[in-house]
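The structure appears right after this line, and notes come after that.
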Amino acid sequence: MEGWDPSTKSTLTQIPLLTTKAGPRDGAPWTQRLKEEYKALIAYTQMNKSNDNDWFRISAANPEGTRWTGKCWYVHNLLKYEFDLQFDIPITYPATAPELELPQLDGKTQKMYRGGKICLTVHFKPLWAKNCPRFGIAHALCLGLAPWLAAEIPILVDSGMIKHKDDATSSIES
Amino acid sequence: MEVELKETIDELESLKQSLTDPSYRYPIDKLKLRVERLAKFGNSGPLRRSKVKDMSAEVVDSNPYSRLMALQRMGIVQNYERIREYSVAIVGIGGVGSVAAEMLTRCGIGRLLLYDYDKVELANMNRLFFRPEQVGMTKTDAAVQTLSDINPDVVLESYTLNITTVQGFETFMSSLKNKSFSPNKQGSGVDIVLSCVDNYEARMAVNQACNELNQTWMESGVSEDAVSGHIQLLIPGETACFACAPPLVVASGVDERTLKREGVCAASLPTTMGVVAGLLVQNTLKYLLEFGQVSPYLGYNSLKDYFPTMEMKPNPQCSNAACLQRQKEYLLAKPARDAAAKAKMEAEASSSAEGPLHLDNEWDISVVDDDEPEGIDIKSSAALPEGLTRELPSADEFHTTPEAPDSAIDDIEDLRRQLDALNSS
Ligand SMILES: [Zn+2]
């Protein structure tokens with residue numbers, strides 16, 4: 001795992017791995033995969049909470065579990081910046097990772113494809129490909145979104161591209 | 001004048017927004033409508049040619065097809081007019097796909113199916129085809145607007161959707177299967193699918209659809225550093241599919257470690273994209289009109305002007321189930337293929353005995369056989385031609401431990417509730 005910071009690495013190793021190789025068009029195996037996705041997400045969320053590093057909410061937006069919506073946030077200079085998070089499970093999943101979208105940041109940064117899809121590092125796709133089908137949504141958030149927020153939000157805030165929602169009062173909810 | 005009218009409309013709109021008294025809005029709206037009508041009137045000015053019933057070879061300046069039909073007179077193409085029977089699906093109407101669509105439109109292709117979910121942006125103006133006044137339109141709508149002006153003979157179908165989503169994929173599949181344009185055609189409703197997308201996810205989706213439909217397709221791509229590209233022919237069961245091995249990239253020769261990626265996702269050049277579109281459509285024309293040699297893979301390294309070529313056999317351990325099914329069918333059809341090749345060889349032998357060989361047969365040495373292609377072994381990347389590398393690693397071998405009888409909950413609704421509970425705490 002060249003090119004990853006130690007904390008991402010150690011977090012990653014604690015997220016349960018998945019075993020079923022199935023995508024949203026695969027019927028019963030997809031239901032099995034979905035169970036594994038939930039277990040990994042539950043474990044990851046619990047871990048974040050116990051480490052006082054809670055940073056996202058995600059849940060299936062349809063019964064088939066092919067579209068997911070939620071929020072993610074990042075604290076910079078003691079202010080919390082929160083964004084909508086959404087993605088579809090591609091039909092070729094898990095051979096290809098979900099493309100994570102932050103629609104509110106669309107057009108605000110170069111590190112983004114159209115539609116607010118975040119631009120992942122050169123390290124993400126090779127690692128995902130190597131670990132198919134063991135990585136799931138939780139791993140994509142840990143390896144894709146967390147490092148992206150850490151790299152981009154400070155730049156976006158410092159350059160004035162994004163403003164805190166109540167600029168003056170600066171209340172931090174937890 | 002067009003620009004001025006558009007500016008007037010914008011100014012009227014901002015005037016309307018700035019008004020505090022709503023009673024003025026109605027006359028402003030009326031004025032805006034009148035300017036819009038004027039703008040439309042101005043647009044309808046240029047002459048639009050009417051449809052052509054038959055392609056004529058007559059060389060007059062009013063014939064849009066004379067130079068194309070000349071290919072037939074020169075013996076390059078046997079029957080150019082057949083192009084009107086063909087349907088081509090283009091997935092991704094960006095820097096490569098839009099140019100490919102224009103080329104095929106100018107060639108008089110029968111029908112084009114266009115797929116994209118994106119809108120035209122000013123950031124696209126470093127590429128060919130789209131114009132600044134189309135900013136904000138969907139790429140499919142803007143393409144139909146331009147292409148139908150260039151050649152009204154082409155039947156255009158546009159689909160504004162993302163083929164990687166479950167719903168988009170279903171529509172994609174059913175549009176490829178629709179045979180209303182040529183009811184007697186074998187197989188699907190299109191003759192070839194051209195993938196002009198810019199990401200791995202969408203390529204894998206095209207691969208999935210084409211494997212399932214047994215549909216021949218061509219892949220194209222330009223590297224993120226904009227200085228190399230490739231095209232690849234994929235025939236399910238016969239050649240490697242896109243999932244048979246990790247995707248190939250033409251090494252630009254620039255050291256990856258010195259490539260500065262901070263602050264940008266991808267670069268693009270109209271030149272590289274135009275070259276790749278040209279290579280793609282040339283290969284498509286050769287495939288459809290049966291002339292020259294159709295390239296199984298052609299790379300383009302623009303820094304060194306190097307064009308690596310190669311062939312790839314399918315991987316018997318491919319992870320794609322539809323690919324394996326097509327491989328099985330291809331093997332089963334081998335006796336029939338051999339018989340057809342033999343008959344073709346005999347027919348050609350007897351026809352060449354009858355009269356002088358036609359000029360264009362001189363290089364037609366494909367009679368040798370069309371046996372299993374001399375492709376390279378997919379598994380060993382050592383066998384790759386110089387200048388080509390794998391973009392991604394293969395999936396690690398791993399063994400599924402039969403899942404321990406999960407004593408914990410294994411009901412999906414329970415799991416969903418558990419995550420919801422965590423989410424709301
Ligand atoms: Zn395959």
Measuring heavy-atom distances to chain A, does [X] have an atom under 4.5 Å in its side chain, in its backbone, in both, or in neither?
X: B/Glu170; answer: neither
X: B/Thr165; answer: both
X: B/Asp198; answer: side chain
X: B/Asp118; answer: side chain

> Under 30°, 30 to 60°, or over 60°: which ring-plane class applies to B/Tyr115 and B/Phe172, parallel, tilted or perpendicular?
Replying inline: perpendicular
>> Using 30° and 60° as the class boundaries, would you call the ring planes of A/Trp68 and A/Phe87 parallel, tilted or perpendicular?
In response: parallel
>> I'd like to know if the side chain of A/Asn62 pairs up with that of A/Thr66 as donor and acceptor (distance under 3.5 Å, no hydrogens or angles considered).
In response: yes
> Heavy atoms under 4.5 Å from chain A: which residues of residues 205-214 of chain B carry them?
Replying inline: B/Ala205, B/Gln208, B/Glu212
Would you give me the side-chain donor-acceptor pairs under 3.5 Å for residues 135-162 of chain A, sequence neighbours excluded?
| residue | atom | partner | partner atom | Å |
| --- | --- | --- | --- | --- |
| A/His139 | ND1 | A/Gly136 | N | 2.9 |
| A/His139 | NE2 | A/Pro16 | O | 3.4 |
| A/Trp148 | NE1 | A/Lys111 | O | 3.0 |
| A/Asp158 | OD1 | A/His76 | NE2 | 3.2 |
| A/Ser159 | OG | A/Ile155 | O | 2.9 |
| A/Ser159 | OG | A/Leu156 | O | 3.3 |

> Non-hydrogen atoms of chain B under 4.5 Å away: do they reach the side chain of A/Leu120, the backbone, both or neither?
Replying inline: neither
> Given side chains that start at C-beta, do those of A/Pro90 and B/Met204 come closer than 4.5 Å, heavy atoms only?
Replying inline: no
>> Between B/Arg417 and B/Asp414, does any NZ, NE, NH1 or NH2 come within less than 4.0 Å of an OD or OE carboxylate oxygen?
In response: yes
> Should the pair A/Lys125-B/Glu201 be classified as a salt bridge under the 4.0 Å nitrogen-to-oxygen rule?
Replying inline: yes
